[in-house]
Number of protein chains: 2
Amino acid sequence: MNKVKILVVDDEEDLLDLISYNLKKAGYEVSTAINGKKGIELAKRQKPDLILLDIMMPEMNGIEVCEVLMRDEILKQIPVVFLTARGEEEIEVKTLDLGADDFLAKPISTTKLVSRIKAVLRRYKKSEEENPIVEAHGIKIDKIRYIVTVDNTEYTLPKKEFELLFYLASRKGKVLDRQTLLNEVWGNNIYVIDRTVDVHIRKIREKIGDEFIETVKGVGYRFKE
Amino acid sequence: MNKVKILVVDDEEDLLDLISYNLKKAGYEVSTAINGKKGIELAKRQKPDLILLDIMMPEMNGIEVCEVLMRDEILKQIPVVFLTARGEEEIEVKTLDLGADDFLAKPISTTKLVSRIKAVLRRYKKSEEENPIVEAHGIKIDKIRYIVTVDNTEYTLPKKEFELLFYLASRKGKVLDRQTLLNEVWGNNIYVIDRTVDVHIRKIREKIGDEFIETVKGVGYRFKE
DNA sequence: CAAGAATTTTAATACTTCATGAAAAATTCG
DNA sequence: CGAATTTTTCATGAAGTATTAAAATTCTTG
């Protein structure tokens, strides 16, 4: 449940701030670059989930940046959304084959910005997702229905408890420490003390019984194999 | 083994050739029209499975073409994907009302063109394959007549409410989050806050009773299995 | 078996989410 | 056009959830 990372590249600092602020408010992790070169560097280092790229920039424009990205086997996978000013001349529309995922004309409403970005991300949503139904020892954890079944009794756990259980059960036998669980289930950028995990474990056990999750003292928790 | 037919309408012959070439390569049967009027003629004669429509065209623009198509009982069923040049944001809003299925901003890579078209066709096909009558626990939802029957009492729900209910009921047991519901029931390109879903759910419950749709806190809604 | 360390449990508090009512905006239809 | 209906937004409070702190318990090890 890590936050989605977005890289914004624009030479106008004000706009960078504005966009950054709104994307953060919408729950994204944002990094910014003030020119194309820095943008490429950051992209390589961070591997963001989406790049928002201004076309008109001095030195290296957005299209050039995009061309560089496309040459990298990993970076080429990342969806790119272009920002363009209204009235900018067409840039060889017919021959360009850049792989833009969307275009947003400046100025753009923040609502629209966010929802367009959501739409693009949605299209890219990873298909390599975990199997949504985990079964073992008479327990069935169904992420499609958000229902846990133990010996034909159904339980509805609250979101965090369900996701914690699901995460553990998807990795049967593996001991996971608290920090890992926090990172993976809660998300990287959340500030929560690790005792919180204990309490959730306790609540899960309270509901479905304590034979499924084992404690490994000094290390973490493990779903019974 | 009929090929899927796509009609491309654009006034720029080069672009028409480029798109046509790539769609054919992707296994589609392609026909082209160089202006809106010819496009409509061809659509009537051929009944394509999808229409790719440039917005900016002389004489009759893409929006006008679409409006004509919408007046025809048969043609209105065909999904329309718009091609829009950068900076034509305003137009986009209008086309939403027309029931556009997607937007492609020029310039677009041919790979993306094809994959987006595939996505639209997939989505469209799915809805065709849905059984138009869903029954469960004394409720019958009939999409042919747009009537819901609960214990022999008939209800006529407004469009959005009906479609939301139908969508949920067609996926019994599956938890659907608000964003998915918005995308699937409202459409990809619409900007509506997700609390809207809540209100519609409430109206549905108000009318047919609240035993059918369950709330999964923090996740979404689910039709009782 | 006692001390220290780690976990479990309890309980209090802060935080989220959703249902609801009402009103504004958009759409439909006469 | 204008009234009726539908759709969307907004504000609020109640219910449910998550988090923290702290006390009780269990476990480990010398």
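We use all heavy atoms of the structure for the numbers below, so side chains are in, but hydrogens, waters and symmetry mates are not. Letters go in sequence order (proteins before strands), and every chain restarts at 1.
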Across the strands shown, which category fits [X] at heavy-atom distances under 4.0 angstrom: base, sugar-phosphate, nothing?
{"X": "Phe162(B)", "value": "nothing"}
{"X": "Val192(A)", "value": "sugar-phosphate"}
{"X": "Thr196(B)", "value": "base"}

In whole Å, I'd like the distance from the [atom1] atom of [X] to the [atom2] atom of [N].
{"X": "Arg205(A)", "N": "dT10(C)", "atom1": "CZ", "atom2": "P", "answer": "13 Å"}
{"X": "Lys207(A)", "N": "dT9(C)", "atom1": "NZ", "atom2": "P", "answer": "14 Å"}
{"X": "Asp198(A)", "N": "dT25(D)", "atom1": "CG", "atom2": "P", "answer": "17 Å"}
{"X": "Ile213(A)", "N": "dT9(C)", "atom1": "CD1", "atom2": "P", "answer": "12 Å"}
{"X": "Glu214(A)", "N": "dC27(D)", "atom1": "CD", "atom2": "P", "answer": "14 Å"}
{"X": "Arg222(B)", "N": "dC18(C)", "atom1": "CZ", "atom2": "P", "answer": "13 Å"}
{"X": "Arg202(B)", "N": "dA19(C)", "atom1": "CZ", "atom2": "P", "answer": "10 Å"}
{"X": "Asp210(A)", "N": "dT9(C)", "atom1": "CG", "atom2": "C1'", "answer": "13 Å"}

More than 12 heavy atoms from other groups under 6.0 Å of [atom1] on [X]:
{"X": "Tyr146(B)", "atom1": "OH", "value": "yes"}
{"X": "Lys47(B)", "atom1": "NZ", "value": "yes"}
{"X": "Glu206(B)", "atom1": "CD", "value": "yes"}

Report summary line: Heavy-atom nearest nucleotide on DNA chain C taken for Glu206(B) and for Gly220(B); more 5' hit belongs to Gly220(B)
Compare the minimum distances between each of [options] and the side chain of [X], then state the nucleotide with the smallest one.
{"X": "Val199(A)", "options": "dT8(D), dA21(D), dT7(C)", "result": "dA21(D)"}
{"X": "Tyr221(A)", "options": "dT10(C), dT8(C), dT7(C)", "result": "dT8(C)"}
{"X": "Trp186(A)", "options": "dA18(D), dT7(C), dT8(C)", "result": "dA18(D)"}
{"X": "Thr215(A)", "options": "dT7(C), dA18(D), dT20(C)", "result": "dT7(C)"}
{"X": "Ile193(A)", "options": "dT8(C), dA21(D), dT10(C)", "result": "dA21(D)"}

Report summary line: Exactly one candidate in Leu181(A), Ile141(A), Val134(A) meets side chain to side chain contact (heavy atoms under 4.5 Å, CB included) with Leu168(A); the answer is Leu181(A)
**Report entry** dT17(C) OP1/OP2 closer than 4.0 Å to side-chain N/O of Arg178(B)
**Finding:** no
Query - Arg195(B) side chain near dC10(D) phosphate (N/O to OP1/OP2, under 4.0 Å) - result: no
Report task. Could you verify whether a donor N or O on one side chain and an acceptor N or O on the other, from Arg205(A) and Thr215(A), lie under 3.5 Å apart? Result -> yes
Report task. Decide whether a cation-pi geometry holds between Lys207(B) and Tyr155(B); the criteria are a distance under 6.0 Å from NZ or CZ to the six-membered ring centre and an angle within 45° of the ring axis. Result -> no
Query raised in the report: Hey, which of these two, Asp194(A) or Leu157(A), hits DNA chain D nearer its 5' end, going by closest nucleotide?
Result: Leu157(A)
Query raised in the report: Mapping Lys217(B) and Lys203(B) to their closest nucleotides on DNA chain D, which lands nearer the 5' end?
Result: Lys203(B)
